[in-house]
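These numbers were taken from a predicted model, which means no experiment stands behind them. Just follow the structure's listing: the first ligand is 1, and inside any ligand the first atom is 1.
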Amino acid sequence: MSDLTQTQLLQRVKHSNRPNGNPRVQKISARIVGDLFRAIDELDIQPDEFWAGVDWLSRLCSGGQAGLITAGLGFDRLLDIRLDEADERAGRNAGTPRAIEGPLYIAGAPLSKYETRVDEAGEAQRGETMVMEGRVVDVNGQPVAGAIIDVWHANELGRYSHFDPDQAEYALRRRIETDAQGRYRFRSFLPPGYAIPPNSPTSELFSAIGRHGNRPAHIHFLVVAPGLRTLTTQVNVPGDSFIDDDFAFATRDGLILKLEKNTSAKGYESLGVKEPFTRVPFDFVMQPAADESEAAPQARVARALA
Ligand code: MBD
Ligand code: FE
């Protein structure tokens with residue numbers, strides 16, 4: 001039995017020779033290994049190519065960039081498309097569209113009621129001042145009090161706190177609880193887009209396959225409320241040249257912001273706004289949860305928190 005053909009080898013790799021395996025893991029791993037064996041054979045992948053790939057993968061993972069590659073190769077959006085398709089079949093594709101979480105969410109941001117600054121008071125101007133505001137409502141238009149909106153976005157250099165050692169903990173990350181009328185509002189600045197780190201495993205692959213690694217300007221949200229289906233989404237700042245060419249494929253109709261430039265500061269004093277600013281109205285429309293597993297707070301799609 002020491003001389004194996006490719007087929008015999010694959011059979012033995014797939015064969016479980018201990019009890020108590022996990023059937024789902026067995027099935028998935030057998031399929032993926034089999035597909036890779038076939039790719040190696042059909043593409044005549046040479047040992048140096050194979051080991052270069054393994055080396056790339058270990059550098060990618062030890063550098064914390066696995067979630068960047070899944071987004072850039074379309075896997076994150078694929079999972080969303082499949083959830084949308086399942087919703088469509090179940091007749092429940094209402095409300096604010098979902099959009100990928102991305103690899104840069106951190107739980108536990110500072111929590112405020114109704115309103116907050118997401119940027120810091122007393123800093124130099126970091127971009128166009130904006131106040132985003134609106135309500136969380138259910139699919140019948142009823143306001144949702146006590147919803148928790150997690151918001152996070154990049155700084156003026158396109159970098160996210162926690163991953164960027166130059167920023168304070170939770171910089172540009174906040175949570176806001178909606179008031180009795182379901183309202184929220186926050187002040188920040190319109191962020192720029194994001195680009196994958198240069199000289200990294202991710203950029204290596206992207207230059208080799210001839211793709212850019214840019215995301216258009218966007219803001220992330222995770223909205224959680226009792227009895228409602230947890231919503232992970234992103235909104236885009238209009239006018240960005242990458243808006244229809246996002247490296248992570250996350251742009252969606254219904255998620256492009258409308259900017260109300262030159263809004264009067266009157267009524268926004270509590271956010272420290274003193275001059276005309278850009279108002280950004282946006283309501284989050286949340287579906288009812290089909291069951292407990294879809295509702296707050298455990299329904300965020302489980303992924304490790306970097
Ligand atoms: C981001 O800011 C992001 O949102 C995604 C999905 C991937 C990389 C950087
Ligand atoms: Fe992002």
Mutual orientation of the aromatic rings belonging to Phe189 and His153 [parallel < 30°, tilted 30-60°, perpendicular > 60°]: perpendicular

Presence of N, O or S from His218 under 2.8 Å of the Fe ion (ligand 2): yes

Atom of His220 nearest the Fe ion (ligand 2) (restricted to N/O/S, atom name only): NE2

Contact check, side chains of Pro97 and Asp253, non-hydrogen atoms, under 4.5 Å: no

Atoms of ligand 1, numbered as shown, that sit under 4.0 Å from any heavy atom of Leu104: 1 (C), 2 (O), 9 (C)

Atom indices of ligand 1 within 4.0 angstrom of Ile100 heavy atoms, with elements: 6 (C)

Worked check of salt bridge (charged side-chain N to carboxylate O under 4.0 Å, His left out) between Arg92 and Glu294: CA-CA 13 Å; Arg92 57 189 303 238; Glu294 283 188 0; 2.7 Å; yes

Sole residue of Gln287, Glu88, Arg98 in side-chain hydrogen bond (donor to acceptor under 3.5 Å, both in side chains) with Asn93: Glu88

Aromatic plane relationship, Phe186 with Phe221 - under 30° parallel, 30 to 60° tilted, over 60° perpendicular: tilted

Atom 8 (C) of ligand 1 [closest protein heavy-atom partner, distance rounded to 0.1 Å]: Leu68 CD1, 3.3 Å

Atom 4 (O) of ligand 1 - nearest protein heavy atom and its distance: Arg215 NH1, 2.6 Å

Close N or O approach (Tyr194, ligand 1; < 3.5 Å): no

Region of Ile196 that comes within reach of ligand 1 [heavy atoms, distance under 4.0 Å]: neither

Those atoms of ligand 1 less than 4.0 Å from some heavy atom in Tyr160: 2 (O)

Residue part near ligand 1, for His218, under 4.0 Å between non-hydrogen atoms: side chain

Given Arg174, Arg173, Arg187, the one that forms salt bridge (Lys or Arg N to Asp or Glu O under 4.0 Å) with Glu120: Arg174

Partner of Arg252 by side chain to side chain contact (heavy atoms under 4.5 Å, CB included), out of Asp246, Asp84, Thr96: Asp84

N, O or S of Gln234 under 2.8 Å from the Fe ion (ligand 2): no

Per-atom contacts of ligand 1 with Gly102, taking only distances under 4.0 Å to non-hydrogen atoms: 6 (C)

More than 12 heavy atoms from other groups under 6.0 Å of CZ on Phe242: yes

Heavy atom of the protein closest to atom 7 (C) of ligand 1 (residue, atom name, distance): Pro103 CD, 3.5 Å

Charged N-O contact under 4.0 Å between Glu133 and Arg279: yes

